[in-house]
Amino acid sequence: METTEGTPPPKRLRGLPSRLTNQAALNANRIVDQALAQAGVRRYHYALLAALEEYGPASQAALGRRTGIDRSDMVATVNDLAERQFLERAPDPEDRRRNIVTVTAAGRRQLAHLDQLIAAAQDEFLAPLSEADRRTLIDLLTRLAEHHRDKQH
């Protein structure tokens, strides 16, 4: 039986930008997940705290739209962060059927800690690139993401 371990994929696959982007994203996600696991959190936790800190109190629905977190995942994430006292929920004074979510002082401290973990993960992921290459990569990825996001709407 022939072994394929260590054999590169076919040449036509090695040069596909979509495939390379996917492989890079898989590695980036693994590195970020491992970094956040040090604090016992996941990417949804970080995204939610970051959105609350940057934009202020919001309904769970608005947070879901802003972060791309699905409604069912949003409920679990809010519950988890509320249990840890990183955020608070209170009835919306304008519509008692919905909750307004607010980051707490403990949540801000946690977010600052997570920012450090994320920064270290970014450095690990981008280790082979110079600062100039990192800026170029971020610019190119931003342009791609914005172009395709605009086409979705």
Side-chain angles (χ1 to χ4, degrees), residues 9 13 16-153:
L13 297 180
L16 291 174
S18 57
R19 184 172 185 276
L20 292 168
T21 302
N22 187 56
Q23 288 180 315
L26 290 171
N27 286 310
N29 287 336
R30 177 185 48 78
I31 291 167
V32 167
D33 288 346
Q34 289 172 346
L36 292 174
Q38 295 174 45
V41 299
R42 299 172 61 176
R43 281 181 274 157
Y44 282 170
H45 295 104
Y46 181 71
L48 186 55
L49 289 173
L52 287 169
E53 205 276 328
E54 184 169 337
Y55 296 108
S59 69
Q60 289 181 200
L63 288 166
R65 288 188 299 274
R66 188 166 280 142
T67 60
I69 299 173
D70 182 76
R71 173 185 278 167
S72 62
D73 292 325
M74 177 61 70
V75 171
T77 304
V78 167
N79 287 344
D80 189 33
L81 291 173
E83 282 178 21
R84 299 178 195 206
Q85 299 180 338
F86 293 148
L87 58 79
E88 295 174 339
R89 279 181 294 220
D92 184 340
E94 295 177 18
D95 183 350
R96 308 289 283 169
R97 295 171 296 177
R98 76 176 171 201
N99 286 319
I100 295 296
V101 180
T102 306
V103 67
T104 63
R108 290 181 199 283
R109 286 190 299 276
Q110 175 72 346
L111 181 59
H113 175 63
L114 298 178
D115 283 339
Q116 293 173 344
L117 295 175
I118 290 289
Q122 301 308 298
D123 284 341
E124 180 182 342
F125 174 61
L126 299 172
L129 303 180
S130 68
E131 284 300 317
D133 285 344
R134 290 176 185 205
R135 286 190 299 275
T136 299
L137 177 64
I138 290 167
D139 177 58
L140 294 171
L141 291 172
T142 300
R143 287 169 38 199
L144 283 168
E146 287 174 354
H147 171 80
H148 291 288
R149 182 189 63 228
D150 291 346
K151 286 185 147 196
Q152 289 177 347
H153 296 96

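Along the sequence shown, the residues carry numbers beginning at 1.
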(message) Checking side-chain polar atoms at under 3.5 Å, does Arg84 have a donor or acceptor matched by the opposite partner on Asn79?
(response) no
(message) What's the separation between atom CG in Asp73 and atom CZ in Arg42, rounded to the nearest 0.5 Å?
(response) 8.0 Å
(request) Let me see the working for Arg108 and Glu53 under side-chain contact (heavy atoms from CB on, under 4.5 Å), right down to the final yes or no. (result) CA-CA 7 Å; Arg108 290 181 199 283; Glu53 205 276 328; 3.4 Å; yes
(message) Can you tell me how far apart CZ (Arg19) and CG (Leu13) are? Round to the nearest 0.5 Å.
(response) 5.0 Å
(message) I need the minimum non-hydrogen distance between Arg66 and Ala58, along with the two atoms involved.
(response) NH1-CB, 4.4 Å
(request) Determine yes or no for a side-chain-to-main-chain donor-acceptor pair under 3.5 angstrom, with Asn29 supplying the side chain and Ala25 the backbone. (result) yes
(request) Answer yes or no: is there an ion pair linking Arg143 with Asp139, defined by an N-O contact shorter than 4.0 Å? (result) yes
(message) Would Leu129 and Arg134 count as a side-chain contact (heavy atoms from CB on, under 4.5 Å) here? Give the steps.
(response) CA-CA 6 Å; Leu129 303 180; Arg134 290 176 185 205; 3.9 Å; yes
(request) List the atom of Leu49, the atom of Phe86, and the distance in Å for their closest heavy-atom pair. (result) CD2-O, 3.9 Å
(message) For Leu48, is there any backbone N or O sitting under 3.5 Å from a side-chain donor or acceptor partner on Thr67?
(response) no
(request) Could you tell me which non-hydrogen atom of Ala24 sits nearest to which non-hydrogen atom of Phe125, and how far apart they are? (result) O-CE1, 3.3 Å
(request) Looking only at non-hydrogen atoms, find the nearest pair between Arg89 and Ala82 and report the distance. (result) NH2-CB, 3.8 Å
(message) For Gln85, I'd like to know if atom CD has over 12 heavy atoms of other residues, nucleotides or ligands within 6.0 Å.
(response) no
(request) Can you spot which of Leu81, Leu111, Leu52 makes a side-chain contact (heavy atoms from CB on, under 4.5 Å) with Val103? (result) Leu52
(request) Provide the closest heavy-atom pair for Leu63 versus Ala51 in the form atom of the first, atom of the second, distance. (result) CD2-CB, 4.1 Å
(request) Report the distance from atom CG of Leu137 to atom OG of Ser130, rounding to the nearest 0.5 Å. (result) 10.5 Å
(request) Verify side-chain contact (heavy atoms from CB on, under 4.5 Å) between Ile118 and Tyr46, making sure each step is shown before the conclusion. (result) CA-CA 9 Å; Ile118 290 289; Tyr46 181 71; 3.8 Å; yes
(request) For the pair His148 (side chain) and Ala145 (backbone), establish whether a donor and an acceptor sit closer than 3.5 Å, ignoring hydrogens and angles. (result) no
(message) For the residue pair Tyr44 / Asp80, report whether a side-chain donor-acceptor contact shorter than 3.5 Å exists.
(response) no
(request) Using a strict cut-off of less than 4.0 Å between a Lys/Arg side-chain nitrogen and an Asp/Glu carboxylate oxygen, indicate whether Asp33 and Arg43 qualify as a salt bridge. (result) yes
(request) Please round to the nearest 0.5 Å and tell me the distance separating atom CZ of Arg97 and atom OG of Ser59. (result) 12.0 Å
(message) Run the side-chain contact (heavy atoms from CB on, under 4.5 Å) test on Asn99 and Asp92 for me, step by step, so that the C-alpha distance in whole Å, both residues' side-chain angles and the decisive distance to 0.1 Å come before the verdict.
(response) CA-CA 5 Å; Asn99 286 319; Asp92 184 340; over 6 Å; no
(message) So, taking the atom named CD1 in Ile31 and the one named CG in Leu126, what distance separates them when rounded to the nearest 0.5 Å?
(response) 8.5 Å
(request) Could you grab the distance from atom CD of Gln110 to atom CG of Leu87, nearest 0.5 Å is fine? (result) 11.5 Å
(request) Grab the two heavy atoms, one from Gly64 and one from Met74, that are nearest each other, plus how far apart they are. (result) N-CE, 3.3 Å
